[in-house]
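What follows is a set of notes on a single structure, which appears directly below.
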Number of protein chains: 2
Amino acid sequence: MNKKDQSEKINAYKDKFKDYKLTPQRKRILGIFLENEDAHLSAEEVFKLIQDKKEDIGLATVYRTLDLLDELGVLHKLNFGDGRSRFELNKSEKSHHHHHLICVKCHKIIEVKDDLLQKLEATIEDEHSFEILDHRVKFYGYCPECND
Amino acid sequence: MNKKDQSEKINAYKDKFKDYKLTPQRKRILGIFLENEDAHLSAEEVFKLIQDKKEDIGLATVYRTLDLLDELGVLHKLNFGDGRSRFELNKSEKSHHHHHLICVKCHKIIEVKDDLLQKLEATIEDEHSFEILDHRVKFYGYCPECND
DNA sequence: GTTGTTGCAAAACGTTTGCAGTAAA
DNA sequence: TTTACTGCAAACGTTTTGCAACAAC
C-alpha cells in the first residue's frame, strides 16, 4: 500500500472521529494497523514499529490512542493470556464472525471465519434474555505443525 | 459443606499432585474453591478470603498455587478484561461446555451451559487440522436487568 | 536427609495518571 | 482562541522473583 492509498483509507475513518481530533499521532497509529491488517499488536509493539521508522510518539499516547480506537470500534481489544492487551483492526462485516485458534505449543494464532455461532447466540438471547452485542471465542489446541 | 466432606474432596485430588507436594497451603487454597464452587476469584480475593478466617498464606504463595492448579487442570484461569486473572474450579465434565455472558453495563457474569459448540469444533478440527483441547467463549451484551 | 515449598521484600511488568506545554479545530 | 491532545516522568496495581528458612515426602 502506498502513502496515497493509506492516506485515503485513513480519511475514510474521519467520521468516526467526529467528537475527537484526528491528530498526526492518531493517524500514524491507525496507519500501523492498516499496514499490518491481520496482526494482533500490543501497545509496546505498535510503539516499536513507529520507532523503527525513526518517528516518535510517546508510549502513553499509544496506550491512550489504542483505547480510543477500541472505544470507537476501529480496533478490537483482545486478550490472549500473555499478559498484555492486543489489538486488531475491526474489519466490520468480518469481525463479528471470526475466532482465534491458539496453539498451546508454538503460540501461533490462526484466524477462523465462522457463522455457526449465530445459532448459539440466538439460543442464548432467547433463554437468558441477554442481548448479545459481541463475542470472543478462542480455541486452544495443537496447530498442524505442532501435532506430529 | 462440613470440614470432613471438604477434607475428603481435597484428598480426591491427591493423584493430580503426584509430582508435587500437597502442602497445607495448597489444600487451603483448593478448599477456598470448593467452598465457592461457582465463583471467579482473583488471587487477591483468594488471599483476602483466607485472611478473613485469621489464617495466613503469603500472597506470592497464592499466585504460585493458582498457577500450579491451573497447570494441573484443577482450576481454569480466566480473563474478563478487568486487569487481573480470575480462576474457577474445573468441574471436568461440565467445564468444557460452559460459557460466560458478561454484562457490559453492570459487569455481572452469567454462566451458560451449552453443547452447540461441538459442531463448530468438529468443523474447525476438520478444516484447519487443528486439534482442539479447550475453548473459551465470552459473550458481551446487556443482561436482563440492564436492558430496560 | 533431600528437594520442593514458603514467606518476605524487592523488583518487574504492563498500564495509567498529573501536569505543563502544544496544536488541532 | 479554545479545548483537547501530547509527552514526560512518576505512580499504579498485579504478578514474579531471589533468597534464606522451612517442611513434606
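Just so you know, these numbers use all the heavy atoms, side chains as well, and skip hydrogens, waters and symmetry mates. First the proteins, then the strands, lettered A, B, ... as listed; each starts at 1. The structure presented is a predicted model; accordingly, all values stated were derived computationally and were not measured.
Here the P atom of nucleotide C/dC8 and the CG atom of B/D56 are 6 Å apart, to the nearest Å. Atom CG of A/N79 is separated from atom P of D/dT14 by 15 Å (rounded to the nearest Å). Across the protein-nucleic acid pair, A/L72 atom CG and D/dC5 atom P stand 10 Å apart, rounded to whole Å. At whole-Å resolution of the value, CD in B/E45 and C1' in D/dT14 are 13 Å apart. Rounded to whole angstrom, the span from the CZ atom of B/F47 across to the C1' atom of C/dT6 amounts to 13 Å. Following rounding to the nearest Å, B/D82 (CG) and C/dG14 (C1') show an atom-to-atom distance of 15 Å. Taking atom CG of B/L66 as the reference point, atom P of D/dT16 lies 10 Å away to the nearest angstrom. Residue B/K27 contributes atom NZ, which lies 10 Å from atom C1' of D/dA24 at whole-angstrom precision.
Test A/H76, A/E45, A/H40 against A/R86 for side chain to side chain donor-acceptor pair (under 3.5 Å) and you get one pass: A/E45.
In this structure a side-chain-to-backbone donor-acceptor pair under 3.5 Å is missing from A/R84 to A/S42.
Comment: B/K77 does not engage B/E88 in a salt bridge, judged by the lack of any side-chain N to carboxylate O separation of less than 4.0 angstrom. A salt bridge does not link B/K3 to B/D5: none of the charged side-chain nitrogens sits closer than 4.0 Å to a carboxylate oxygen.
Within 6.0 Å of the OH atom in B/Y142, the count of heavy atoms belonging to other residues, nucleotides or ligands does not exceed 12.
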Once each nucleotide of nucleotides 15-25 of chain C is scored for protein heavy atoms under 4.0 Å, what B/S/- sequence comes out, 5' to 3'?
BBBB-----BS
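When every heavy atom of B/F33 is checked against every heavy atom of B/F87, the shortest pair comes out as CE2-O, 3.2 Å.
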